[in-house]
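Before any comments, here is the structure.
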Amino acid sequence: MADGVYEVTSVLDGKLIDFAGHAARLARSLSELDMASPCSDAELLDIHRELVRLNAIDEGMIYLQVTRGNPGDRDFAYPPADTKPTLVLFTQSKPGLANAPAAKTGWRVISVPDMRWGRRDIKTVQLLYPSMAKMAAKAAGVDDAWFIEDGHITEGTSNNAYIVKGNTIITRPLSNDILHGITRAALLRLAAGAQMKVEERPFTLDEAKSADEAFITSASAFVMPVVEIDGAALSAGKVGPIATRMREIYLEEMRKAAV
Ligand code: PMP
């Protein structure tokens, strides 16, 4: 049933980036699916820290997944409410995560129709369509795909999408149409603090192609510039100053706040 939810938390300098944000979103995903929480946030933090320690992770990420548990039966109805949820976590060491060379050259993306379900705000493990879109991007020789619905961009396969016009960062508002990115929330807060204007509104593919800059955010790519959309180069195919600056600010501020 794809009856599971997940979180990916980055580790920098051996510390967790925005753990509180991920724990809060996990609680929301669980609650939207009437799934029991496997443990308290404090226990979750202990488990994350213990995994970082045992695996000696300096830079990398922690994947966490909660599934509804094993009732010993297959049924479309959820298992009995007292079924114990299954919690699985693993770490991935990614030395150089924060210094990804792609941040200097930027990503190229293609657009694909958004054929996902209507509750993209819940972070479920049902990721087959995003995976197909990623493969379409690979087949086209680019880095990622942006989903299009009713002529407007929703988000990337595993990231939130932004365009920049002058001093304004434009991104789709929160709704059931997109995942409520933890990195997105931090980015918008930090952008406002850096005297950038933020407009939360839908934007079209054409608007994106003629924007000054574009970028994406996610917990593991942080802020990643986008330099080409469907073959159209943005800022002459070079990484733009605002995406670069926001990446620097994000990494600096989030490292300071890491736990
Ligand atoms: N949108 C989608 C569809 C995603 O899968 C992700 C990452 N899991 C994001 C946005 C970015 O969310 P976050 O910043 O919390 O990683």
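For this chain, numbers begin at 1 and follow the sequence in order.
In terms of modelled atom types and a separation under 3.5 Å, the side chain of Ser210 and the main chain of Asp206 share a donor-acceptor contact. Between the side chain of Ser131 and the backbone N or O of Leu127 there is no donor-acceptor pair closer than 3.5 Å. Judged purely by atom type and a 3.5 angstrom limit, Thr183 uses its side chain to pair as donor or acceptor with the backbone of Ala219. Between the Ser175 side chain and the Asp177 main chain, a donor and an acceptor come within less than 3.5 Å of each other. Under a 3.5 Å cut-off, the side chain of Asn55 and the backbone N or O of Glu50 do not form any donor-acceptor pair. Formation of a donor-acceptor pair under 3.5 Å by the Asp73 side chain with backbone atoms of Asp75 is not found in this model.
Note: the hydrophobic cluster containing Val223 also contains Ile242 (ILVMFWY, side chain heavy atoms under 4.5 Å, direct or indirect links). Under the 4.5 Å side-chain heavy-atom criterion for ILVMFWY residues, a single connected hydrophobic cluster contains both Val198 and Met254. By the rule that hydrophobic residues join a cluster once side-chain heavy atoms approach within less than 4.5 Å of another member, Leu179 and Ile216 end up as members of separate clusters. One hydrophobic cluster, built from ILVMFWY side chains closer than 4.5 Å, cannot hold both Ile148 and Val112; they sit in different ones. By the criterion of side-chain heavy atoms lying less than 4.5 angstrom apart, applied directly or through intervening Ile, Leu, Val, Met, Phe, Trp or Tyr residues, Leu45 is grouped together with Val52 in one hydrophobic cluster.
Considering OG1 of Thr244 and CE of Met246, their distance stands at 11.5 Å, rounded to 0.5 Å. Between the CD1 atom in Ile122 and the CZ atom in Arg25 there is a gap of 12.0 Å [rounded to 0.5 Å]. With rounding to the nearest 0.5 angstrom, the CZ atom of Phe222 is 9.0 Å from the CE atom of Met224. Rounded to the nearest 0.5 Å, atoms OG (Ser111) and NZ (Lys209) are 6.5 Å apart. Interatomic distance, Ser10 OG to Leu97 CG, rounded to the nearest 0.5 Å: 5.0 Å. To the nearest 0.5 Å, atoms CD1 (Ile57) and OG (Ser93) are separated by 4.5 Å.
Using a cutoff of 4.0 Å between basic side-chain nitrogens and carboxylate oxygens, Glu213 and Lys165 are not scored as salt-bridged. A salt bridge links Asp3 and Arg68; the closest N-O separation between the charged side-chain nitrogens and carboxylate oxygens is under 4.0 Å. Salt bridge annotation for Glu32-Arg119: present, with a cationic side-chain nitrogen under 4.0 angstrom from a carboxylate oxygen. Ion pairing between Arg28 and Asp121 holds under the 4.0 Å rule for side-chain N and carboxylate O. Ion pairing between Glu207 and Arg201 holds under the 4.0 Å rule for side-chain N and carboxylate O. Salt bridge present: Arg120 and Asp114 bring a charged side-chain N and a carboxylate O closer than 4.0 Å. A salt bridge is defined here as a Lys NZ or Arg NE, NH1 or NH2 lying under 4.0 Å from an Asp or Glu carboxylate O, and Glu155 with Arg172 fails to meet this definition.
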Worked verdict on Lys134 versus Asp144 for side chain to side chain contact (heavy atoms under 4.5 Å, CB included): CA-CA 6 Å; Lys134 191 75 180 180; Asp144 200 21; 3.4 Å; yes
Evaluate the salt bridge (Lys or Arg N to Asp or Glu O under 4.0 Å) criterion for residues Arg184 and Glu200: first the C-alpha distance (whole Å), next the side-chain angles of each, then the deciding distance (0.1 Å), finally the verdict. CA-CA 11 Å; Arg184 177 189 184 281; Glu200 292 182 74; 2.7 Å; yes
For a side chain to side chain contact (heavy atoms under 4.5 Å, CB included) check, start with the C-alpha distance between Val66 and Leu30, then their side-chain angles and the critical distance, and finish with the verdict. CA-CA 8 Å; Val66 184; Leu30 291 168; 3.9 Å; yes
Please step through side chain to side chain contact (heavy atoms under 4.5 Å, CB included) for the pair Leu33 and Val5, ending with a clear verdict. CA-CA 9 Å; Leu33 296 176; Val5 299; 3.5 Å; yes
Run the numbers on Leu44 and Phe19 for side chain to side chain contact (heavy atoms under 4.5 Å, CB included), then give the verdict. CA-CA 9 Å; Leu44 218 48; Phe19 175 81; 3.9 Å; yes
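A 4.5 Å side-chain heavy-atom check between Ile178 and Asn160 finds at least one atom pair inside the cut-off. Residues Pro113 and Tyr129 form a side-chain contact, since some pair of their non-hydrogen atoms from C-beta on lies under 4.5 Å apart. Under the 4.5 Å side-chain criterion, counting only non-hydrogen atoms from C-beta, Leu64 is not in contact with Tyr6. Contact of the Tyr162 side chain with the Leu187 side chain is registered, since non-hydrogen atoms from C-beta on lie closer than 4.5 Å. Looking only at side-chain heavy atoms (C-beta outward), Met1 and Arg74 come within less than 4.5 Å of each other. Under the 4.5 Å side-chain criterion, counting only non-hydrogen atoms from C-beta, Asp212 is not in contact with Leu234. Side chains of Leu205 and Ile153 form a contact here, defined as non-hydrogen atoms less than 4.5 Å apart. Side-chain contact check for Ile17 versus Val11: every heavy-atom pair is 4.5 Å or farther apart.
Gln195 approaches Asn167 most closely through the heavy-atom pair O-ND2, 3.3 Å. The shortest non-hydrogen separation linking Ala161 to Thr171 is O-OG1, 2.7 Å. Between Thr157 and Phe147, the closest heavy-atom pair is CA-CE1, 3.7 Å. Gly156 and Trp146 get closest at one heavy-atom pair: CA-CD1, 3.8 Å. When all heavy atoms of Leu89 and Ile62 are compared, the closest pair comes out as CD2-CG2, 3.9 Å. The minimum heavy-atom distance between Arg247 and Ala98, with the atom names listed, is NH2-O, 3.0 Å.
Qualifying ring-ring contact (aromatic ring centres under 6.0 Å, His included) partners for Tyr250, counting only residues two or more places apart in sequence or in other chains: none. Listed by chain and residue number, nothing satisfies the ring-ring contact (aromatic ring centres under 6.0 Å, His included) test with Phe203 (two or more places apart in sequence, or in another chain).
Residue pairs satisfying the salt bridge (charged side-chain N to carboxylate O under 4.0 Å, His left out) criterion with at least one member in residues 13-23, sequence neighbours excluded, are listed as follows: Asp13-Arg255.
With respect to Glu7, the side-chain contact (heavy atoms from CB on, under 4.5 Å) criterion is satisfied by exactly one of His48, Lys123, Gln65: Lys123.
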